[in-house]
Amino acid sequence: MAKAIPRSGSRKNRHTGSRKNARRIPKGVIHVQASFNNTIVTVTDVRGRVISWSSAGTCGFKGTRRGTPFAAQTAAGNAIRTVVDQGMQQAEVMIKGPGLGRDAALRAIRRSGILLSFIRDVTPMPHNGCRPPKKRRV
């Protein structure tokens with residue numbers, strides 16, 4: 001049986017341009033997760049849908065270099081560069097984790113020119129919950 005020729009108004013060829021760049025986001029939330037081994041920066045809109053993300057590993061850092069402040073600064077710069085092009089002017093910052101990249105990522109966000117409405121530390125703290133792992137003996 002012969003294939004049907006798609007019409008010009010059919011569903012398959014309706015979206016020709018990029019949908020990601022079509023949205024204009026004036027306000028967003030920047031989530032920074034800084035562990036000892038890596039730093040992940042995620043930019044979402046106010047509803048929580050991810051617009052852009054980057055991590056020290058995707059920026060080309062491997063092994064122990066991913067946990068460094070410079071790697072976190074590079075990751076934050078990469079994640080924010082795309083949302084500034086989409087028109088983001090104001091953002092809230094949520095920082096999670098004990099890693100070295102916390103301050104470096106925040107410095108990179110401040111330098112990007114986005115107006116920060118507030119900065120919140122959302123690191124989960126146990127209220128004497130689970131027993132912690134035993135101390136390392138090196």
Side-chain angles (χ1 to χ4, degrees):
M1 182 156 163
K3 267 195 205 175
I5 301 169
R7 288 170 283 151
S8 61
S10 70
R11 275 190 192 159
K12 289 182 183 174
N13 56 4
R14 192 181 313 166
H15 297 295
T16 54
S18 175
R19 290 180 64 200
K20 194 181 273 188
N21 294 334
R23 284 190 289 176
R24 304 293 294 168
I25 302 109
K27 191 172 195 285
V29 184
I30 302 170
H31 300 270
V32 178
Q33 184 186 356
S35 68
F36 291 117
N37 295 324
N38 202 355
T39 303
I40 303 169
V41 181
T42 309
V43 184
T44 65
D45 60 3
V46 182
R47 289 179 57 188
R49 295 177 296 193
V50 175
I51 302 160
S52 171
W53 69 275
S54 183
S55 72
T58 58
C59 292
F61 296 94
K62 296 293 175 205
T64 55
R65 291 194 205 97
R66 286 187 309 183
T68 61
F70 178 68
Q73 179 181 333
T74 310
N78 282 0
I80 288 169
R81 194 177 305 124
T82 57
V83 293
V84 169
D85 294 342
Q86 293 180 18
M88 185 179 284
Q89 293 133 1
Q90 191 176 6
E92 306 164 356
V93 180
M94 309 282 198
I95 299 178
K96 182 191 284 187
L100 295 171
R102 293 166 56 102
D103 301 333
L106 184 59
R107 241 179 271 125
I109 293 166
R110 280 225 171 108
R111 222 180 345 217
S112 69
I114 294 177
L115 182 73
L116 301 181
S117 52
F118 65 82
I119 300 164
R120 181 178 290 167
D121 188 9
V122 291
T123 305
M125 290 295 234
H127 300 290
N128 276 354
C130 299
R131 181 174 179 154
K134 63 183 183 186
K135 294 281 184 273
R136 287 184 66 201
R137 292 192 293 259
V138 180

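The shown structure was predicted, so the numbers you read here are calculated from the model rather than taken from an experiment. Basis for what follows: all heavy atoms, side chains included, without hydrogens, waters or symmetry-related copies.
- Note that the CG atom of N78 and the CD atom of Q73 stand 11.0 Å from one another [nearest 0.5 Å].
- Note on V84 and L116: same hydrophobic cluster, where clusters join Ile, Leu, Val, Met, Phe, Trp and Tyr whose side-chain heavy atoms are under 4.5 Å apart, directly or indirectly.
- Once rounded to the nearest 0.5 Å, the distance linking CZ of R111 with CG of L106 reads 10.5 Å.
- With rounding to the nearest 0.5 angstrom, the OG1 atom of T39 is 8.0 Å from the CG atom of L100.
- The two residues A104 and P69 come nearest to each other via the heavy atoms CB-O, 3.2 Å.
- When the options I109, V41, V29 are evaluated for a side chain to side chain contact (heavy atoms under 4.5 Å, CB included) with V93, the one that passes is I109.
- Taking both residues in full, the closest heavy atoms of T64 and T68 are given as O-CG2, 4.1 Å, listed atom of the first, atom of the second, then distance.
- Distance alone, capped at 3.5 Å, places no donor-acceptor pair between the T42 side chain and the W53 backbone.
- The side-chain heavy atoms of I119 and R110, taken from C-beta on, include a pair separated by under 4.5 Å.
- Residues V32 and I40 fall into different hydrophobic clusters, defined by Ile, Leu, Val, Met, Phe, Trp and Tyr side chains chained together at heavy-atom separations under 4.5 Å.
- Considering R120, K27, H31 as possible partners of E92, the one that fulfils the side-chain hydrogen bond (donor to acceptor under 3.5 Å, both in side chains) test is K27.
- Panel note: side chain R102, backbone G97; a donor-acceptor pair is recorded below 3.5 Å.
- The minimum heavy-atom distance linking R24 with D85 is given by the pair NH1-O, 3.7 Å.
- Pairing each heavy atom of A75 with each of S55, the nearest pair is CB-C, 3.6 Å.
- For the atom pair CD of Q86 and OG of S52, the computed distance is 7.5 Å after rounding to the nearest 0.5 Å.
- Across A91 and I30, no two heavy atoms sit closer than the pair CB-CD1, 3.8 Å.
- No side-chain N or O of N37 forms a donor-acceptor pair with one of S35 less than 3.5 Å apart.
- Nearest heavy atoms, G57 versus R66: CA-CD, 3.7 Å.
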